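Presented below is the structure to which this report refers.
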Amino acid sequence: MCSTFSVSTNPCNYGANNARFLHSKSFVTRTRAQGIRAHKCSSGGAIPRPLIKDFIPRTDLRVHEIVERQPQANNLAKQDACRRVEMNLTLLEEAYKRCRNICAEYARTYYLASLLMTEERQKAIWAIYGERSLTSLTWGTRMDEMVDGPNAVYMGTSFLDRWEERLQDIFDGRPYDMLDAALTDTVSNFCLDIKPFKEMIEGMRMDTWKSRYKNFQELYLYCYYVAGTAGIMTVPVMGIAPESSVSTKSIYNAAIHFGIANQLTNILRDVGEDAWRGRIYLPQDELEQFGLSDEDVFARKVTDNWREFMREQIARARFYYSLVEQGISRLDKASHWPLWSSLLLYQNILDAIEDNDYDNLTKRASVGKTKKLIILSHAYKKAQSVPSSVFH
């Protein structure tokens, strides 16, 4: 891992015709928008040199709006301004228990990490997280089923419109069912902002009509909607270290990078499964540059070109993870171990893809139980060491 990248890297000014990219350290002139250069491979076919992986599309995610509206979760005095909703404690405990069970079944990596958190944070994460490995609501899990499940054909924009209305009810203290009640309580306890929740629904909308992504700019925006938003949701829950002198916005940017890194990992892990659904969450222009097409994905044959393509996609995901590391250190100390655990566990999925000889077309990469225990130990050591630059 590289720890030299600044977490204050700021994505901004997204546009369909905007071909500018932000390098982790400086602006760099690219010969092409996607930073791809052609070369000859050993087999004689023309495929590109390694992609320029260490860049971020200049996308205005308007994070400043949340920073300006939302008090830091560790500032208890400011939380008094948030609406608090009185609910039956027995029913509320049952609601959180159901959220916990769903998280344990559909988001195992993050459920494992949540067990390392304080009880209050555990409950909040169980209410927020769901099936989409780093970054979805327990409530969003049900939406995933509506988009990708057996009844997806019957779902349209109007249905998601109704879900958005239901979201507003949750934030207004009017939960519809027990799972909604847990999220209502979490919103009240941590003064969460509704913006990332609405944007996650926008990502669900994309899944109802879009199954291909022309380039990484498009894929980045999708990853933000369905996963980067979850990173934003959890910053108040994790808490910002009171000693940290870096800007709150830079910490939120690191959280976005965490979500995007995890979603890129999900995509690479699930290429074969997504292909069965007719979906390809890979940049079409980059596939083409490596001499690949949709037909190669559907054929499920691992070739040298596919391996080379996957190496570059994995390297991009690792770049985004590298942007997260210092951001973790800026959060409340009690959150370091669970966050390092989730980061390292997810990074090891990328290792597993490599161990499978880049066959993510017929195999699903996973991390075994013994390896997970080793990772948790390593994460604990990482959590105890705070870089000297964290508070300066």
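Computed from a predicted model, the values in this text were never measured in an experiment. Just so you know, residue 1 is the first one in the sequence shown, and it goes up from there.
- When atom types are taken as modelled, the side chain of S342 and the backbone of L339 share a donor-acceptor pair closer than 3.5 angstrom.
- The aromatic rings of F258 and Y321 stand perpendicular to each other, their planes meeting at an angle above 60°, with 30° marking the opposite boundary.
- Expressed to the nearest 0.5 Å, how far OH of Y225 lies from CE of M204 amounts to 13.5 Å.
- Comment: K123 does not engage D185 in a salt bridge, judged by the lack of any side-chain N to carboxylate O separation of less than 4.0 angstrom.
- N101 and Y96 share no side-chain donor-acceptor pair at under 3.5 Å.
- Between the side chains of E120 and T118, no donor-acceptor pair is found at a separation under 3.5 Å.
- Here the side chain of T265 pairs a donor or acceptor atom with the backbone of A261 at under 3.5 angstrom.
- Between the side chain of S188 and the backbone N or O of T184 there is no donor-acceptor pair closer than 3.5 Å.
- Under the 3.5 Å distance criterion, the side-chain polar atoms of T186 are matched with a main-chain donor or acceptor of A182.
- Judged purely by atom type and a 3.5 angstrom limit, S244 has no side-chain atom pairing as donor or acceptor with the backbone of I240.
- For D296 and S293, the side-chain atoms include at least one donor-acceptor pair closer than 3.5 Å.
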Practice task
Begin from the C-alpha positions of D207 and R279 and carry the test side chain to side chain contact (heavy atoms under 4.5 Å, CB included) through to its verdict.
Solution key: CA-CA 9 Å; D207 270 331; R279 298 179 180 275; 3.3 Å; yes

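- When all heavy atoms of R316 and E286 are compared, the pair lying nearest together is NH2-OE2, 2.8 Å.
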Exercise for the section: Would you please test D332 and H336 for side chain to side chain contact (heavy atoms under 4.5 Å, CB included) and show each step? Expected result: CA-CA 7 Å; D332 184 77; H336 291 186; over 6 Å; no

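- With sequence neighbours left out, Y213 forms a ring pair (Phe, Tyr, Trp, His ring centres under 6.0 Å) with Y222, Y281.
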Exercise for the section: Evaluate the criterion side chain to side chain contact (heavy atoms under 4.5 Å, CB included) for residue pair S341 and L112; output intermediate values, then yes/no. Expected result: CA-CA 8 Å; S341 297; L112 179 59; over 6 Å; no

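- Atom CZ of residue R108 and atom CD of residue E105 lie 7.5 Å apart, to the nearest 0.5 angstrom.
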Exercise for the section: Using the salt bridge (Lys or Arg N to Asp or Glu O under 4.0 Å) rule, take E308 and R311 through it: C-alpha gap first, then chi angles, then the decisive distance, then the call. Expected result: CA-CA 5 Å; E308 191 69 21; R311 287 189 188 97; 3.0 Å; yes

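- Side-chain contact check for T362 and D359: at least one donor-acceptor pair (N or O, by modelled atom type) lies under 3.5 Å.
- The backbone N or O of W126 lies less than 3.5 Å from no partner atom in the side chain of R100, so there is not a single donor-acceptor pair.
- No donor-acceptor pair closer than 3.5 Å links the side chain of R121 to the backbone N or O of S114.
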Practice task
Given salt bridge (Lys or Arg N to Asp or Glu O under 4.0 Å), test E199 with K195 step by step and report yes or no.
Solution key: CA-CA 6 Å; E199 289 177 326; K195 179 178 181 288; 2.7 Å; yes

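- Under a cut-off of 6.0 angstrom, the local environment of CZ in R300 is crowded, with over 12 non-hydrogen atoms contributed by other residues, nucleotides or ligands.
- Put simply, M178 and W163 are part of two different groups of oily side chains (I, L, V, M, F, W, Y) that touch within less than 4.5 Å, one to the next.
- I374 and Y380 are not part of a single hydrophobic cluster, where members link through side-chain heavy atoms under 4.5 Å apart.
- Side-chain atoms of F309 and L287, non-hydrogen and from C-beta on, do get closer than 4.5 Å to each other.
- At distances below 3.5 Å, at least one donor-acceptor pair connects side-chain atoms of T303 with backbone N or O atoms of W306.
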Exercise for the section: Decide salt bridge (Lys or Arg N to Asp or Glu O under 4.0 Å) for R277 and D270; before the verdict, give the C-alpha distance in whole Å, the side-chain angles of both, and the deciding distance to 0.1 Å. Expected result: CA-CA 11 Å; R277 298 189 181 110; D270 298 338; over 6 Å; no

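- When the options V324, I328, L345 are evaluated for a side-chain contact (heavy atoms from CB on, under 4.5 Å) with W340, the one that passes is I328.
- For the side-chain contact (heavy atoms from CB on, under 4.5 Å) with N360, the lone residue among R269, E273, Q313, M310 that qualifies is M310.
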Handout entry: Full working for side chain to side chain contact (heavy atoms under 4.5 Å, CB included) between L179 and I102
Key = CA-CA 10 Å; L179 297 181; I102 292 174; 3.8 Å; yes

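- Between the side chains of D172 and Q168, at least one donor-acceptor pair of N or O atoms lies under 3.5 Å.
- By the salt bridge (charged side-chain N to carboxylate O under 4.0 Å, His left out) test, D169 is found to be paired with R174, residues two or more places apart in sequence or in another chain being considered.
- In this structure, F216 and Y220 have perpendicular ring planes: the angle between them is above 60°, well past the 30° mark.
- Crowding of K210 atom NZ: a count of heavy atoms from other residues, nucleotides or ligands under 6.0 Å exceeding 12.
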Handout entry: Verdict with supporting geometry, D355 and K363, salt bridge (Lys or Arg N to Asp or Glu O under 4.0 Å)
Key = CA-CA 11 Å; D355 292 342; K363 299 177 181 179; over 6 Å; no

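- Annotation: F298, atom CZ; neighbour count of heavy atoms from other residues, nucleotides and ligands within 6.0 Å is above 12.
- Taking the ring pair (Phe, Tyr, Trp, His ring centres under 6.0 Å) definition, one finds that Y176 meets it with nothing, sequence neighbours left out.
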